[in-house]
Every structure is written in C-alpha cells, then in structure tokens.
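Data first, discussion second: the structure below is written as structure tokens.
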Number of protein chains: 2
Amino acid sequence: MIRVRQLEVLCAVIDLGTTSGAAEALSVSQPAVSNMIRHIEDLVGFPLFKREKGRLTPTPEALHIAQEAQHLFSQQKRVDRIIDQLRGGTVGQLNVIATPSIGYALLPRMIAEFTRSRPRVQLSLEVGSVDEIIQHLISGRADLGFSITSPRHSALSVRPMAAGDMVCACPPDHELAHARSINLLDLNHVRHISYGSGTPLGQMIDEVYSRHGTERRYFCEVRHTSTALEMVAAGAGVALVDSFALMGRARQDVSVRAIQPALSVTLHGVTSNLYPTSHVALQFQEFMREALSDPELPHRVEIT
Amino acid sequence: MIRVRQLEVLCAVIDLGTTSGAAEALSVSQPAVSNMIRHIEDLVGFPLFKREKGRLTPTPEALHIAQEAQHLFSQQKRVDRIIDQLRGGTVGQLNVIATPSIGYALLPRMIAEFTRSRPRVQLSLEVGSVDEIIQHLISGRADLGFSITSPRHSALSVRPMAAGDMVCACPPDHELAHARSINLLDLNHVRHISYGSGTPLGQMIDEVYSRHGTERRYFCEVRHTSTALEMVAAGAGVALVDSFALMGRARQDVSVRAIQPALSVTLHGVTSNLYPTSHVALQFQEFMREALSDPELPHRVEIT
DNA sequence: CATGGGGAATAACTTTCTATTATTTGTCTT
DNA sequence: AAGACAAATAATAGAAAGTTATTCCCCATG
C-alpha cells in the first residue's frame, strides 16, 4: 500500500519540476527526495519520470497518480482539522441536564459563555429532577449533569463543584429586607414560600425547626427554588433559596439576606461511568468549576 | 499531521474492541498496538479510550475520528487500485454499480457484449441500493451507476438513458396471461407480489390506487423487481415489474402484459463530478444508451 | 576547450517510527 | 488460590525517511 508521504513527494516533484525545488518546498534535503522517487518507482514497478539530459519529466502515469492523490491529501487534512477541533473542544456534542435551580438561570449563562468560543458544539440543555438526571446519564442521553442533591447511583461519578448557602430572598420593600440577619425560625412569622417535606430541601429546613421543637409554617409550597424565586420577585412573599438559583441573573427585584443558622449546599457535577465522558463535557465541567470558584465573577451573589 | 497507519490502528481497536484483537487483525503484535494508541493520544492531546477494569472503551472523540477516517482509507485504496491498474497495463477500468432490476440481468449481458471487443478492460459489477450507488460513486469506488430512481446528490451527474414502463408479469398459464390488457386495480383480485409503500415503486403504485379511492392488496412484499420476477417465474403469482428487469433474459416462463394506466419509468446513468469520468466509462454509458434505444435489439421486451 | 553552475544520483550514516520478544500488572473466573 | 485474558511496560530490532558530503552529467559561456 502506497504511503501518503510518498505521494506528497511525488506531487511536489511534479509541481515544482525539480527534486531540489520539491526538497525546498517540503523542507527536506534533495537526496531525500531523490531517494524517495527511486523508492516509489521500485514499488510501483514502472518509471514515474523520464530522465533526460539530467532533468526529470513526469510520465503520464505519474501525472495520473498525482491527480488522484489530491483527494487523499484533502481527506487527510480534513481528519487533521477535525482532530484539531476536538482538541480545542470546538466541536462535539454536549448534552447537559440539571435541576431547576441551576438549570434555569445559571446554566444558560454558563453555556452561552462557554460556547461563545466554540461555535461548532452541538448543545442541549434539559431541566429535570434528580431521578431524571440519573436516568439521562445512565442511558447516555446526557453527558453531564448538575444537581444540588448528590444522586446516589453506583454507575455515576459525582464531584463537588462549588459551595453555596441557603439564603433568604425577599422583595426589596419587605420588612425583612432591612434586617441585618434573619433567623430561620422567624420565617414562621411572615408569609413565605417553602418546599414540601418530602423534598431534600424541605427536610433540611424541617430538621432545624424540629431541633428547636417547632414546626415550619408557610403559605405556599413549591417544588423548585427557581419557582420560589419567581414568586418572591413578583412580591408574593419571602423564600429560602439556594445561592445558585440567584447566580447569573441581575435581580433588582429581590433582596438577599443571610440566614441563621447557616445551611450550606453543594453543587455537584455528575458523569456516567458507563460511557467515556467526552472531551467537551470535561472541559465544560472544568469551566463551570473555575467560573464558580472565581469570586470576581458577576455570577457571584453578594449577600448584603 | 496524523498518519494513515495511526488511524488504521485506532479504527482496528475500536472495531475489534481489544488491542489483542486489533493486533491479530493487523498482523502485528499486541504491544505494537498498545504503544501506537498511547502515541496517538499523546499526539492529539486528549484520551481516545477509557481504561477501566483492564478494558478499553472508545471515547466519543475516538469514534468521531474513526468515522471520518473511513473516507481517508477509501481514498488510499483508490489510489492504490489506480497504481495497480497502471502497473498491469490495463487499458481502462470500469466499475459499475446498479440497482437490482438492472444489475441482475440486463447489465451482465450488456457488459459481456461491451467487453467482447475490449479484452484489456478491468471490470467490476456491483448491485446495491440507491444509497449505496451514491456512496460508491462519491467515494470513487465506482465509475458509473445505473438506477431507476434518480439519486439526488449535488456531486453526481444524472442523465436519462432509456424510457421503460411498468408491466405485468405472470406465469404463462395464469388467467391474466390471456387478457388483452390489465387494469392495475384488477391486481387486487389475484394473488400478487408487490413493493413496500416506503419504496419509490410502491409509492408510485399506491398513488394510482388512492386516486381511485382504493387500497393496494398483495400477498407478498419484496424489495426488488428482480426478486418479484423470480417469484413470478416460479409460479407464485403475478407482479408488476419494470421493463428493464425483463430485458436481457429469455423468459419462456413468464408472460408479459401492458397495464392500464401506463406507468413509465426511466433508467438513469449516474457519474460523479468529484473525479474525471474515465473514457471507458463514458463509452459504456453511450453503448448502453444506444443499445436501449435500438428497437431491433433482442433485449427489447415485446409486450403481447 | 576548460570551467563552473544547476540538477540528479550515490554513499554512508542518523533519526524516527514501527514493531518485536519477554515480562509484568490488573481483573475476572473458576 | 490458580488460571485465563487483556493491557501496559521495558528493552531492543528493523524499516522508513532524512542527513551530509561527494560525485556525475549536461551544457552554457568566456
């Protein structure tokens, strides 16, 4: 089987007309070219050049081969270009699935920024429950998941990406907006939005209440912190939300206050062990980790 | 620039699943493959396989590269084949691919006749679907294609070669063999063989039926008119076939009748614009066109 | 006519790539 | 625990492609 390199040399000699010219064009020495031509002729079994008066003139066969070789070169360049794109992560597929608090505001922004320099990445962003995240990852429909509650599944790899806190979001004109710090138990005294006792978030909060011998009382139950946040923004009341839900949106319509006691949450990146994780997916995960750990970034929520 | 050899090894490992399998297939030792993979990964800068439990699983990137590499391989083979032909002193090459109705009976006869006066032409005849015809032509594996349904591809040149009709083929002792003319809708009343509604032929026939507010009913579905014809010859029933499928065979075992309404079909010759079409290929195309337009030729089907 | 210059070929190595044998490591099976 | 199978590692051999230095050939020119 003839090698690409051999065809390259052949074509160079045909194009440039002399071995020395071809050698210069290929940045090799003249004897290298000369030997190669001789070698190819041995290989194919018929002369590729007529040697006359110390000059080389290509035979019709050589011209024919050179013509056909062009397609081969372009295919090789094409593969090379694709590898280059894969290396830069500018090509590929990235299917992300995340829980609502991350998926509604933070992730769209992150993805927008990430893909600005990678125009040829095929994207999808899905929002779903932890169970759906697990299903999408183990079935291979998603490459990368993000979740606050860490999914427990042996086929999944979970790694902590960033630390956050539960904070209190309230309308700017709300009485609590002026308090320095808000005790979690005080929420029982205002109309507020909270989460079902069956959800991980609800359980986390319930635990604090039960430690103090009281019970949580709220006027509206929602499932996602992002939903709660929308209601707060609409002036319906106050709510506890994780700080990730607040990231990535410029909100003049909600004030944010720290709570006592502090409740910390962690954003987890999740991948499947059943399939190799693509290069773009790993790049995006790293991109997220860095962006979230950078305190200068505008995604960051400052809690006044 | 990545080498063809490296891609060969990569693809072999992906295809065979193991380095040892790939090594065997490539007739080299297992460490050669192992080292090569490592080397390529260093070269491209990202992992191509996930190593887990002593096994290799290709990453999406590796699969992507392998996919693209196929074109490179076929181009290399093409150049190699051309060198081979130049070496062997063959005057020309003629690689034909056609759909079954043409490729099974008509083409073999045509090629036999054509090459009678051209003993030094290297031949190949392939039968395939329209998609395969397209693939063979744009990859350069075939020089000339023949198809009833005109392939739609910007890199291909299609030209009409001959006009034909759909006709009814029936066993000589069949009741319809004595009818002067057969109405298409009458076929519903006899056991007949027909084509899937997904095929161009099936759609063409369905259209007539739906224009008359009825539906086609047949007891046996086949893909190719040549298959249908064999079944008719075996006495299984009647079938609509294109007149090209009948050409080139002396069939005492089938009677042919025209149908109402007439359904005309066209035989198309197809060449690729990506490569210059060889002189023999053009000659053969012209030979076909003339042979098919000559009413005196025995290929012609007389419809009684 | 000898002479020098451009181009191709030859000789003798070196480097790089590819492949080999032998051995080790890890995992799963029995 | 033993065996089987897959992959990795080490040390090295062989082929492919390239190097420098030199020679050969043609011919244009003073």
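In what follows, chains are A, B, ... by sequence order, proteins preceding strands, each numbered from 1.
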query: Taking A:S147 for the side chain and A:S150 for the main chain, is one N or O donor matched with an acceptor at less than 3.5 Å?
result: no

Rounded interatomic separation in angstrom, taking CZ from B:R51 and P from C:dT27: 14 Å

- prompt: What nucleic acid atoms does B:S34 come within less than 4.0 Å of, heavy atoms only: base, sugar-phosphate, or nothing?
  reply: base

query: Side chain of B:D80, backbone of A:I2: donor and acceptor closer than 3.5 Å?
result: yes

message: Without decimals, in angstroms, what is the distance between A:L43 CG and D:dA15 C1'?
response: 13 Å

- prompt: Between D:dA8 atom P and B:I40 atom CD1, what is the distance in whole Å?
  reply: 13 Å

query: At under 4.0 Å, does any side-chain N or O of B:T19 touch on OP1 or OP2 of D:dA7?
result: yes

message: So that I can tick it off, tell me whether B:D84 and B:R81 are bridged by a salt bridge, with the cut-off set at under 4.0 angstrom between side-chain N and carboxylate O.
response: no

statement: B:L16 atom CG is separated from D:dC5 atom P, nearest whole Å, by 17 Å

message: Measure CG/A:L56 against P/D:dC24 and give the value in whole Å, please.
response: 19 Å

message: Quick check on B:Q70: does its CD atom have over 12 non-hydrogen neighbours (other residues, nucleotides or ligands) under 6.0 Å away?
response: yes

- prompt: Would you say A:R38 reaches C:dT10's phosphate, i.e. side-chain N/O to OP1/OP2 under 4.0 Å?
  reply: yes

If you look only at distance, which donor and acceptor atoms sit under 3.5 Å apart when one is on a side chain in residues 41-55 of chain A and the other is two or more places apart or in another chain?
from, atom 1, to, atom 2, distance (Å)
A:E41, OE1, A:R51, NH1, 3.1
A:E41, OE1, A:R51, NH2, 3.2
A:E41, OE2, A:L48, N, 2.7
A:E41, OE2, A:F49, N, 3.2
A:E41, OE2, A:R51, NH1, 3.0
A:R51, NH1, A:F49, O, 3.4

- prompt: Is any side-chain N or O of A:R55 closer than 4.0 Å to OP1 or OP2 of D:dC25?
  reply: no

query: Is a side-chain N or O of A:D143 found less than 3.5 angstrom from the main chain of A:N95, in a donor-acceptor match?
result: yes

query: Taking the side chain from B:S272 and the backbone from B:L274, do they hold a donor-acceptor pair closer than 3.5 Å?
result: yes

- line: Taken to the nearest whole Å, CD1/B:I37 to P/D:dT9 is 14 Å

statement: note: A:L48, atom CG; C:dA9, atom P; distance rounded to Å ~ 12 Å

Hey, what are the protein-to-nucleotides 17-19 of chain D N/O distances that come in under 3.5 Å?
from, atom 1, to, atom 2, distance (Å)
D:dG18, OP1, A:R5, NE, 3.0
D:dG18, OP1, A:R5, NH2, 2.8
D:dT19, OP2, A:S29, N, 2.4
D:dT19, OP2, A:S29, OG, 2.6

query: In whole Å, what is the span from the CD atom of B:E52 to the P atom of D:dA6?
result: 17 Å

